[in-house]
Number of protein chains: 2
Amino acid sequence: MKLSQRGEYALRAVLVLGMNHGSGVVRIRDIAQQQNIPRRFLEQILNDLKSAGFVLSKRGVAGGYRLQRGPNEISLADIIRHLEGPLAPVGCVSVNYYQRCSCPDEGACAIRSVMQEVRDAIVGVLEGVSVAHLCERVRDLQGPLENPLDYII
Amino acid sequence: MKLSQRGEYALRAVLVLGMNHGSGVVRIRDIAQQQNIPRRFLEQILNDLKSAGFVLSKRGVAGGYRLQRGPNEISLADIIRHLEGPLAPVGCVSVNYYQRCSCPDEGACAIRSVMQEVRDAIVGVLEGVSVAHLCERVRDLQGPLENPLDYII
DNA sequence: TAGAATCCCGACCTTTTTAGTCAAGTATCG
DNA sequence: CGATACTTGACTAAAAAGGTCGGGATTCTA
């Protein structure tokens, strides 16, 4: 039931971009430094997020990344699904990535019905939280600061 | 956010033992056949469940496995935790297997607070379902049958 | 228009995990 | 005794995880 390191890094990076939304692009280097993420690895991840349409990039000297859509249009579920595949604990209860399992009778499988509930619980939380919500939480958790740049994400 | 094949097999096997609780032991072979689980692999898994104290075994001709504790004393959370480790999606919100993560300030980490909720949601379901509950669901899902042996799990 | 900064892309690498398999041994029943 | 089951530990192949690296393509600025 694990989120991979890659997935966690992606969320942290997106959150940084969320906090800086509206004020130009942010460099990979800065995100990596602030978040303790290996720079080269983060490059790879952001590239992936870019081809998935979550972020945009700008090349050259004043280059960097920013969110493509608004922070309130991206849910954590979206991001994690793209990076990790199904949110469901087993394929046979996944809505987006259904896969039949090897049990004798799927329709009457009790384990499946429990996993269904687990899936719904997970999705319920993750669909309900957008990047914008996440940014709000950052502000709530850290109290009001003078300078937006001082927020530690 | 995945349950491994091994974990799924374990749950299925335990459920079979749950359904047969009180009527002696069940052979590996029978569980494997009924549940489409590779026999040798299942041996390994049951052994693991045995050393963890979930099941007991009996050797020899009329040998097999049965639950060690009562079906209502074993929750799915227990089993999965033993097999897969933490239920939490990230180590920094795990109660039983806590591990610090690399983010700058864990206390004020917004992602962590969301993952906390995800963890609680997962644990909420899985702690609440015992093997006995699972057996009930089997009966509910399949309707009342003549012979207890006819239940397909 | 050169050069520095930045993203871009694909290949590569190492370690760990997953999903099994297998052989030989030990206990038990009849 | 001998057939039947569990026991134990080693072994393996394939995939995933977690990165690293070199060199290319853009863009800004002096």
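Here is how names work: the chains are called A, B, and so on, in the same order as the sequence lines, proteins then strands, and each is numbered from 1. Not measured: the values here are computed from a predicted model. Below, all heavy atoms of this structure are taken into account, side chains as well, without hydrogens, waters or symmetry copies.
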Handout entry: Donor-acceptor contact below 3.5 Å, side chain B:His133 vs main chain B:Gly128
Key = yes
Exercise for the section: Report the distance from atom CZ of A:Arg29 to atom P of C:dA5, rounded to the nearest whole Å. Expected result: 8 Å
Completion exercise
Note: for A:Leu3 and B:Val26 on DNA chain D, the residue whose nearest nucleotide lies more 5' is B:Val26
Problem - Donor-acceptor side-chain pairing of A:Glu84 and A:Ser4 below 3.5 angstrom - result: yes
Exercise for the section: Take atom CD1 of A:Ile28 and atom P of C:dC8, then tell me their distance rounded to the nearest Å. Expected result: 7 Å
Problem - side chain to side chain donor-acceptor pair (under 3.5 Å) between A:Arg12 and B:Ser102, intermediate numbers included - result: CA-CA 11 Å; A:Arg12 303 231 298 263; B:Ser102 63; 3.0 Å; yes
Practice task
Grab the NZ-P distance between A:Lys2 and C:dT16 for me, whole Å please.
Solution key: 16 Å
Problem - DNA chain D-proximal residues of residues 47-64 of chain B, any heavy atom under 4.0 Å - result: B:Asn47, B:Lys50, B:Ser57, B:Lys58, B:Arg59, B:Gly60, B:Val61, B:Gly63, B:Gly64
Practice task
Determine whether B:Leu76 and B:Arg81 make a side-chain contact, defined as any pair of heavy atoms from C-beta on separated by less than 4.5 Å.
Solution key: no
Practice task
Would you kindly give the CG-to-C1' distance between A:Leu42 and C:dT6, to the nearest whole Å?
Solution key: 13 Å
Practice task
For DNA chain D, note the earliest and the latest nucleotide, 5' to 3', having some atom under 4.0 Å of a heavy atom belonging to chain B.
Solution key: D:dA3 to D:dA10
Handout entry: B:Glu127 atom CD, over 12 foreign heavy atoms within 6.0 Å
Key = yes
Completion exercise
note: A:Arg66, atom CZ; C:dC7, atom P; distance rounded to Å ~ 14 Å
Exercise for the section: Could you tell me whether the side chain of B:Val55 reaches within less than 4.5 Å of the side chain of B:Tyr65, counting heavy atoms only? Expected result: yes
Practice task
Rounded to the nearest angstrom, tell me the gap between atom OH in B:Tyr9 and atom C1' in C:dT18.
Solution key: 11 Å
Exercise for the section: Indicate whether the side chain of A:Gln33 and that of A:Arg39 have a donor and an acceptor atom separated by less than 3.5 Å. Expected result: no
Exercise for the section: Nearest 0.5 Å please: distance from the CD1 atom of B:Ile37 over to the CD atom of B:Glu8. Expected result: 8.5 Å
Practice task
Would you mind classifying the nucleic acid contact of B:Leu46 as base, sugar-phosphate or nothing, using non-hydrogen atoms under 4.0 angstrom?
Solution key: nothing
Exercise for the section: Provide, to the nearest angstrom, the distance between the CZ atom belonging to A:Arg27 and the P atom belonging to C:dA4. Expected result: 16 Å
Practice task
Report yes if some heavy atom in the side chain of B:Pro86 is under 4.5 Å from a heavy atom in the side chain of A:Lys2; otherwise report no.
Solution key: yes
Problem - side-chain N/O B:Arg40 vs C:dG20 OP1/OP2, d < 4.0 Å - result: no
Handout entry: Nucleotide C:dA19, atom P - distance to CD1 of B:Ile45 in whole Å
Key = 9 Å
